[in-house]
A.B. asks: 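Quick one: this structure, given as C-alpha cells, is what I'll be asking you about.
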Amino acid sequence: MNPPATAPKTESHDPAVPAAYSAFMRTGWGDRELDLPEHPVAPWAARRRERLAAAFPGERLVLPAGTYKVRSNDTDYRFRPDTAHTYFSGNQTSDAVLVIEADGSSVLYARPRSSRETDEFFRDRQYGELWAGRRPSLHEISSSLGLEVRHIDRLQEDLTGSAPAKTRVHRGVSAAVDQLLPGDAGLDRDLARVASEMRLVKDEWEVGELQQACDATTLGFEDSVREWDNVLRYGERWIEGTFFRRARAMGNDIGYDSIVAGGKHATTLHWIENSGAITPGELVLLDMGVEGHNLYTADVTRTLPVDGTWTARQRELYDVVLAAQQAGIEAVRPGVAFTAAHDAAMSVLAHALDDMGLLPVPAEQALDPDSKVYARWTLHGTSHMLGMDVHDCGEAAPEAYAKGTLAEGMVLTVEPGLYFQEDDLLVPAELRGVGIRIEDDILVTADGARNLSDSLPRSADDIEAWMAARVALRG
C-alpha cells in the first residue's frame, strides 16, 4: 500500500522542487530490503501480549508508540517510544500502533521507510530517508519482532470497520489515535493500570537488561572521576557531558537528566541545571543512569568528596546515610511491604538526627506518621520501582505498588539522603548547604535482595581508594 498522499514536511526556506527534479529523483534506486534476525525481546514480548490479552478477553487493546516532538522549530527531540508500546511489541520506531485483537492475535501498524513513489524520501525533514535516515521496512520490522506488521495507513479502516464490543486505548500517547477512537475513560485507565502492573515483576531478560544498564552506569561514573582535572576546571557541566558520552556509546541515552550537584546544589533534589562549580573542600552528589539500547535504565547516586578524601564531619554524615541505606537494602525481601526499605532507612536517619540534637521531639515520636518532623532533612521516599521508566509502573494501583508487598523479580531503588538547606537556621552553620544521597538498584530475589549496581563503591574508605586509583586530584 502506498504511503499517505500528504505533502512532505518542509520549511519555508527550503528550495523549490521543479517537476523535472522530482521525477528524476524517483528513478534509479535499488531495493535494499533486509531479512533481519529475530530480536531477543521477541519471544518475551509475545508472552507479555498473551498475558495482557488474557486480562481483557474478547476486547481490542490499542497501544500507540507516539510521535516526534518539536524541539526548536526545525528540529525534533530524539524519539523515545512509549514504554507500554515497546514492552508489549519490542518496536522502537515512531508513529506505530500495536493492536491486540479480541481473539488474542496482534498486529503492529507502522510507518515504514520512505517510498520512492513520492517526494517524501528526499524532501520530508521528519520521515524522509535522505533527511532523517532510513526507517525499516514493514518486512524488516516483522522479521525482527515476529509480528504481523501492516502499514499505518490501514489503521483507521481496520479499527473502525469492524470493532469488537469493547476497545481500550492507552491514551495520552498519540493525539491522532485518541481522536480516532473516542472511548470510555474508565476502561482506558484500567488498561493503563494493568499494563503498568504487569511490569512490576521483571522477567529474566529484563533483569539482564537492567544489569547491563547498571554496568554501563558504573563505567560512566568512572569516566567522570578519571577526568577530575577537567571537572575542577569546568565544573558540573563536565561531569554531565562525560557521563552522557558513555550513555550514548553503550546505550540509547541517559535514563533521565543527570543530576550533578556540587556543594549546596546537592540540597536541591532534582538539580539538573548542572551549571555550578565543583569546589575543593565540598561534596558533589551525582545521580545518573544509562538507558540501554532496549530502554531499561539504571538509577544510581553517589556522593563524593571533591578532594578525594573526606573531612571528619563529611565522613560522619556520609556514614549515617550509608547506614540508613544498608538498613533499607537489608529490609528488601519477598513478602514485605514496599515501604519496608523506607521505614528501615528513616528509622536510622531519625535517630541520627535526634543524636545530633536537631529534632524538636524524640526520634520515636518524630517517626510517628502523624508527626514526621524528621522529614525536614530527608524530604523524599526511599524507593521507587525501576525498569523501562526510571520511575517505573507509575500507573499501577496503590494496592499493587506503594501499598503493596514486594515479590521476587521486582527491581526498586534504595536511596535515602540527608539535606541541610543553606538557609536552615535550625542546623549548625557547618551543616548548611550539605546534601548527601546514596542510591542503588536492588533486585528482589527468592531469599532476599541483590544489588545490581554494587560494582560502584559505597563505603567512605572504598570511595577514597576508588577515586585515588583513577585520578591524581588537584587542589
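These numbers come from the heavy atoms of this one structure, side chains and all, not from hydrogens, waters or symmetry mates.
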A.B. asks: Look at Arg60 together with Asp158 and state whether they make a salt bridge at an N to O cut-off of under 4.0 Å.
C.D. replies: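 Salt bridge absent between Arg60 and Asp158.
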A.B. asks: Between the side chains of Gln421 and Thr267, is a donor N or O closer than 3.5 angstrom to an acceptor N or O?
C.D. replies: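 Yes, a side-chain donor-acceptor pair sits under 3.5 Å.
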A.B. asks: Can you tell whether the side chains of Lys9 and Asp124 come within less than 4.0 Å, N to carboxylate O?
C.D. replies: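 Looking at Asp124 together with Lys9, the answer is no, because their closest N to O distance does not fall below 4.0 Å.
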A.B. asks: Is it true that Glu291 and Thr297 share a donor-acceptor pair across their side chains at a distance under 3.5 Å?
C.D. replies: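 There is no such pair (donor and acceptor under 3.5 Å, judged by atom type) between the side chains of Thr297 and Glu291.
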A.B. asks: Name all residues meeting the salt bridge (charged side-chain N to carboxylate O under 4.0 Å, His left out) criterion together with Arg48; count only those two or more places apart in sequence or in a different chain, and write none if there are none.
C.D. replies: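 So Arg48 forms a salt bridge (charged side-chain N to carboxylate O under 4.0 Å, His left out) with Asp203.
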A.B. asks: Between the side chains of Thr118 and Glu120, does any donor sit under 3.5 Å from an acceptor?
C.D. replies: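 Side-chain D/A pair, Thr118 to Glu120: absent.
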A.B. asks: Salt bridge check: are Arg199 and Asp389 linked by an N-O gap of less than 4.0 Å?
C.D. replies: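 Looking at Arg199 and Asp389, the cut-off is met.
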A.B. asks: If only side-chain N and O atoms count, and only distance matters, is there a donor-acceptor pair under 3.5 Å linking Thr217 with Asp215?
C.D. replies: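 There is no such pair (donor and acceptor under 3.5 Å, judged by atom type) between the side chains of Asp215 and Thr217.
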A.B. asks: Between the side chains of Gln325 and Arg458, does any donor sit under 3.5 Å from an acceptor?
C.D. replies: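 Judged by distance alone, the side chains do pair up.
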A.B. asks: Salt bridge or not for Lys202 and Asp392, using N-O below 4.0 Å?
C.D. replies: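 Salt bridge present between Lys202 and Asp392.
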A.B. asks: With Arg135 as the cation and Tyr127 as the aromatic partner, state whether NZ or CZ is under 6.0 Å from the six-membered ring centre and within 45° of the axis.
C.D. replies: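 The answer is no, since Arg135 fails at least one limit relative to Tyr127.
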A.B. asks: Between Asp299 and His384, do the side chains contain an N or O donor and an N or O acceptor separated by less than 3.5 Å?
C.D. replies: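 Yes, a side-chain donor-acceptor pair sits under 3.5 Å.
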A.B. asks: For the residue pair Tyr256 and His391, is the inter-centroid distance of their aromatic rings smaller than 6.0 Å?
C.D. replies: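 When the ring centroids of Tyr256 and His391 are compared, they turn out to be at least 6.0 Å apart.
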A.B. asks: Please tell me whether Asp441 and Ser453 have a donor and an acceptor in their side chains that are separated by less than 3.5 angstrom.
C.D. replies: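 Their side chains do not contain a donor-acceptor pair, so the 3.5 Å distance test is not met.
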A.B. asks: Kindly say whether the aromatic ring centers of Tyr68 and Tyr77 come within a distance under 6.0 Å.
C.D. replies: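 That pair fails the under 6.0 Å test.
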A.B. asks: Cut-off 3.5 Å, side chains only: do Arg80 and Thr83 have a donor facing an acceptor?
C.D. replies: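 Judged by distance alone, the side chains do pair up.
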A.B. asks: Distance alone, cut at 3.5 Å: any donor-acceptor contact between the side chains of Thr67 and Ser94?
C.D. replies: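 Checked: Thr67/Ser94 side chains show no N/O donor-acceptor pair below 3.5 Å.
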A.B. asks: So, Thr242 and Glu227: side-chain donor and acceptor under 3.5 Å apart, yes or no?
C.D. replies: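 Glu227 and Thr242 do have a side-chain donor-acceptor pair below 3.5 Å.
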A.B. asks: With a 3.5 Å cut-off and no angle check, do the side chains of Arg150 and Tyr109 form a donor-acceptor pair?
C.D. replies: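 Yes, Tyr109 and Arg150 have a side-chain donor paired with an acceptor closer than 3.5 Å.
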A.B. asks: So, are Glu222 and Arg246 salt-bridged, with charged N and O less than 4.0 Å apart?
C.D. replies: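 Not counted as a salt bridge, because no side-chain N and carboxylate O are separated by less than 4.0 Å.
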A.B. asks: Once you measure the plane-to-plane angle for Phe420 and Trp377, does it fall in the parallel (<30°), tilted (30-60°) or perpendicular (>60°) bin?
C.D. replies: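 Ring orientation, 0 to 90° scale: tilted.
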A.B. asks: Run the salt-bridge test on Lys69 and Asp76 with the 4.0 Å N-O cut-off and return the result as yes or no.
C.D. replies: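 So Lys69 does not pair with Asp76 through a salt bridge.
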A.B. asks: Can you measure from CZ (Arg437) to CG (Leu379) and round to the nearest 0.5 angstrom?
C.D. replies: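 If I round to the nearest 0.5 Å, the distance is 10.0 Å.
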A.B. asks: Determine, for Glu408 against Arg333, whether the closest basic-nitrogen to carboxylate-oxygen distance falls under 4.0 angstrom.
C.D. replies: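 No, this pair does not count.
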A.B. asks: Using only heavy-atom distances, determine whether the side chains of Asn91 and His85 contain a donor-acceptor pair under 3.5 Å.
C.D. replies: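 Checked: Asn91/His85 side chains pair up, N/O donor to acceptor below 3.5 Å.
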A.B. asks: Using 0.5 Å steps for rounding, measure from the NE2 atom of His293 to the CG atom of Asn252.
C.D. replies: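 Result: 8.0 Å between the selected atoms.
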A.B. asks: To the nearest 0.5 Å, what is the distance between CG (Leu52) and CZ (Arg168)?
C.D. replies: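 That separation rounds to 10.0 Å.
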A.B. asks: What I want to check is whether the side chains of Asp35 and Ser143 have a donor and an acceptor closer together than 3.5 Å.
C.D. replies: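 No - no donor-acceptor pair under 3.5 Å links their side chains.
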A.B. asks: Does the ring center of Tyr87 lie less than 6.0 Å from the ring center of Tyr296?
C.D. replies: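 No, ring centres 6.0 Å or more apart.
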A.B. asks: Looking at the rings of Trp29 and Phe121, which for Trp means the six-membered one, are their centres under 6.0 Å apart?
C.D. replies: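 Between Phe121 and Trp29, which both carry aromatic rings, the centre distance is below 6.0 Å.
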A.B. asks: Any side-chain donor paired with an acceptor under 3.5 Å for Trp44 and Glu206?
C.D. replies: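 No - no donor-acceptor pair under 3.5 Å links their side chains.
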A.B. asks: Any ion pair linking Arg125 and Asp14 (charged N to carboxylate O, less than 4.0 Å)?
C.D. replies: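 Looking at Asp14 and Arg125, the cut-off is met.
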A.B. asks: State, without any angle test, whether Ser137 and Glu33 hold a side-chain donor-acceptor pair at a distance under 3.5 Å.
C.D. replies: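 The answer is yes; a qualifying pair exists.
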